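Being a predicted model, the structure only gives us computed values, none of them experimental.
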Amino acid sequence: MGKESKSGGCLGWFLVIVILALVVGAVVYGIKKKMDHTNDNKPEPVPGPPGAIDKKYGDALKIAMQFFDVQKSGKLVDNKISWRGDSGLKDGSEAKLDLSKGMYDAGDHMKFGFPLAFTATVLSWAILEYGDQMAAVNQLEPAHHSLKWITDFLINAHPEDNVLYIQVGDPETDHKCWERPEKMKEKRPLTQVNTSVPGTEVAAETAAAMASASLVFKTSDSTYSRTLLKHAKQLFTFADKYRGSYSENIPEVATYYNSTGYGDELLWAASWLYHATGDRFYLEYATGENGKDFASWGSPTWFSWDNKNAGTQVLLSRLSLFGAKGVSGNSGLGNYRKSAEGVMCSILPKSPYATSSRTDGGLIWVSEWNALQHPVASAFLAALYSDYMLTSQTPKITCGDHSFKPSYLRKFAKSQADYVLGKNPLKMSYLVGYGDKYPQYVHHRGASIPSDATTGCTDGFKWLDSTVPNPNVAVGGLVGGPFLNETFIDSRNNSMQAEPTTYNSALIVGLLSSLVTTSSAVKSFT
């Protein structure tokens, strides 16, 4: 009986200790949670001038920037690509225009105005936001040169207020040839939009390219900047007044760059024109009825050459985040910022609203054609928004019952860049020329044919079918990327995965520029 009493007393003390431990634990947890909540509301430090260089991203940026040189048409100046030479010198001659400059779209020799203008807009945006970081690794000047190579072409492609040449070459003829661009002998017909055959999305995207580029060159070449802005205003008026989809009015373009609507380009162009001019007409255009009609507020979309809404939402968020003059009380701007945060909530892995469209390795994956466009574009927007938050001392964004600091957005951006650069199941870089392992059979005519080859249009297909790796490196090209199961078939005939595009290069240059180092965001582009 004495033993039972002793046992019961020990049990009682044990229960008391357990209860006390639970109480203390609950108090500690409550204090910690309160402290975490307090820290959630504490902004992260604002970065100063560009800090220490992250060599990995700096090296990758130097490589990525070179693909613009690979893609150049025209009489090359200070050519840095040994296997490239002058090409397309007579482009535009049938209309007595000089359309020799610009860049080829991908592994072919077409100049498609819609994605080319998008390339210029995104490259301009990258320069405006991260020019100091580009300069830290000596890439700002090459970025300026590449941008101007495109905008020189766009200026010449707009010879009248309501006429814009949107394509050089016939894609059917072009794709029946496998030859070096320097050897082209086929006819290069021109395609235009005008008042009878309107093309709102391509005219508006070109306006956005001109307006954003006018900001890039405003200090270094004010005359050129004014010329760009004049064309941007004319093109926006043309795009808005004569509304119509270019891929409906010119059905043959739909095979390659079919537009799903032109409203997003009108808002994108108006937003860039507001930044370039400060004219409230453009802000009211984007935030008023047109915003209600076209902005898809509250419905996150993927940023791409076809859909600019997510880009516009992030771009206009900087106005409210940085407290731009004369914009307080603009409810439309509030909708853009909420929608931008909705985009962030849809791409951040731990968000309750996160997209399930990802590979097991963590790459956002939306389309098997050119799969890398969407994750790289999403990461670029996340890096931008993270920097806006830091500079504006915005401590967090809220996604349901979760909140995320700027550092988490940047972590996501890095994860997508790292995947591209080799942190993936194949341990392969999808940026051609970066790292020890990258695609060797890139779907690219110029890269696949020896520079001294005498083959022409049709006999050049032997190089497409060759089992030998490309004799020339399409350095800096961002190929299409992996399938959802994270496989990649390195074959020249696999244009779905192995073809690089010029607009992909603008996106990866923007992303890498954001990660080269850290610095505070510029509060105004002017």
4.5 Å side-chain heavy-atom contact, Gln167 and Val253: yes
Parallel, tilted or perpendicular, as decided by the 30° and 60° cut-offs, for the rings of Trp268 and Trp272: perpendicular
Side chain to side chain, Lys414 and Tyr57, heavy atoms closer than 4.5 Å: yes
Atom pair CD1 (Ile347) and OG1 (Thr355), whose distance is rounded to the nearest 0.5 Å: 10.0 Å
Residues in salt bridge (charged side-chain N to carboxylate O under 4.0 Å, His left out) contact with Asp465, at least two apart in sequence or another chain: none
Residues Glu201, Tyr246; criterion side-chain hydrogen bond (donor to acceptor under 3.5 Å, both in side chains); working and verdict: CA-CA 7 Å; Glu201 55 277 270; Tyr246 95 124; over 6 Å; no
Arg84 bridged to Glu182 by N-O distance under 4.0 Å: yes
Donor-acceptor pair, side chain of Asn494 and main chain of Ile489, under 3.5 angstrom: yes
Non-neighbouring partners of Arg492 that pass salt bridge (charged side-chain N to carboxylate O under 4.0 Å, His left out), sequence neighbours left out: none
Side chains of Phe153 and Ser73 in contact at under 4.5 Å (non-hydrogen atoms): no
Backbone of Val479 reached by a side-chain donor or acceptor of Gln497 within 3.5 Å: no
Under-4.0 Å salt bridge between Glu205 and Lys308: yes
Interatomic spacing from OH in Tyr503 to CZ in Phe118 - rounded to 0.5 Å: 9.0 Å
Lys176/Asp174 ion pair, N-O < 4.0 Å: no
Between CG on residue Asp306 and OG on residue Ser304, distance to nearest 0.5 Å: 5.0 Å
Euclidean distance, Ser495 OG relative to His175 NE2, rounded to 0.5 Å: 9.0 Å
side-chain contact (heavy atoms from CB on, under 4.5 Å) partners for Ala60, two or more places apart: Leu421, Leu431, Tyr434, Leu512
Flag, side chain of Glu265 to backbone of Ala203, donor-acceptor distance under 3.5 Å: no
Beyond-backbone contact of Leu409 with Ile397, side-chain heavy atoms, under 4.5 angstrom: yes
Side-chain heavy-atom pair Tyr336, Asn309 within 4.5 angstrom cut-off: no
Phe525 side, atom CZ; Glu129 side, atom CD - distance, nearest 0.5 Å: 4.0 Å
Non-hydrogen atoms of Thr312 and Ser271 that approach each other most closely: CG2-OG, 3.3 Å
Which residues share a side-chain contact (heavy atoms from CB on, under 4.5 Å) with Val366, sequence neighbours left out: Trp302, Ile364, His374
Leu484: side-chain contact (heavy atoms from CB on, under 4.5 Å) partners, not counting sequence neighbours: Thr359, Trp365
Parallel, tilted or perpendicular: ring planes of His444 versus Trp83, cut at 30 and 60 degrees: perpendicular
Note, Val163 side chain near His158 side chain (heavy atom, < 4.5 Å): no
Test item: Thr206 side-chain N/O and Val202 main-chain N/O as donor-acceptor pair under 3.5 Å: yes
Working for side-chain hydrogen bond (donor to acceptor under 3.5 Å, both in side chains), residues Gln416 and Ser378: CA-CA 9 Å; Gln416 303 302 285; Ser378 298; over 6 Å; no
With Lys55 via salt bridge (charged side-chain N to carboxylate O under 4.0 Å, His left out) - residues at least two apart: Asp59
Under the side-chain contact (heavy atoms from CB on, under 4.5 Å) test, residues paired with Pro352 that sit two or more places apart: Cys399, Asp401, His402
Lys111 side chain to Ser100 backbone, donor-acceptor under 3.5 Å: yes
Over all atoms of both residues, closest heavy-atom pair of Ala208 and Ala269: CB-CA, 3.9 Å
Salt bridge (charged side-chain N to carboxylate O under 4.0 Å, His left out) partners of Lys462, counting only residues at least two apart: none
Any side-chain donor near an acceptor of the partner, Ser519 and Gln133, under 3.5 Å: yes
Ser407 OG to Leu390 CG distance, which is reported to the nearest 0.5 Å: 8.0 Å
Residue pair Met344 / Phe404, side-chain heavy-atom distance below 4.5 Å: no
Check: Asp105 side chain, Phe112 main-chain N or O, donor-acceptor pair, under 3.5 Å: no
Any donor-acceptor N/O pair, Asn504 side chain to Pro500 backbone, under 3.5 Å: no
Atom NZ of Lys56 with >12 non-hydrogen neighbours under 6.0 angstrom: yes
Lys/Arg N to Asp/Glu carboxylate O, Asp91 vs Arg188, below 4.0 Å: yes
Ser87 (side chain) donor-acceptor with Pro181 (main chain) under 3.5 angstrom: no
Non-hydrogen side-chain atoms of Phe380 and Pro375 separated by less than 4.5 Å: no
Under 3.5 Å: donor-acceptor pair, side chain of Thr200, backbone of Ala239: yes
Of all pairs that satisfy side chain to side chain donor-acceptor pair (under 3.5 Å), the ones with a partner from residues 139-157, not counting sequence neighbours: Lys101-Asp152, Lys148-Asp152, Thr151-Tyr224, Asp152-Tyr224
Exercise: identify the closest heavy-atom pair between Phe217 and Leu147: CE1-CD2, 3.8 Å
Residues Trp178 and Thr455: side-chain donor-acceptor under 3.5 angstrom: no
More than 12 heavy atoms from other groups under 6.0 Å of CG on Asn485: yes
Pairs flagged by ring-ring contact (aromatic ring centres under 6.0 Å, His included) wherever residues 339-360 is involved - sequence neighbours left out: none
Within 6.0 Å of NZ in Lys437, more than 12 heavy atoms from elsewhere: yes
Side chain Arg445, main chain Gly107, donor-acceptor under 3.5 Å: yes
Step-by-step side chain to side chain contact (heavy atoms under 4.5 Å, CB included) determination, Glu486 to Leu426: CA-CA 8 Å; Glu486 298 183 295; Leu426 296 179; 5.9 Å; no
Residue pairs involving residues 249-258 (criterion salt bridge (charged side-chain N to carboxylate O under 4.0 Å, His left out); sequence neighbours excluded): none
ring-ring contact (aromatic ring centres under 6.0 Å, His included) against Phe68, all qualifying residues, sequence neighbours excluded: none
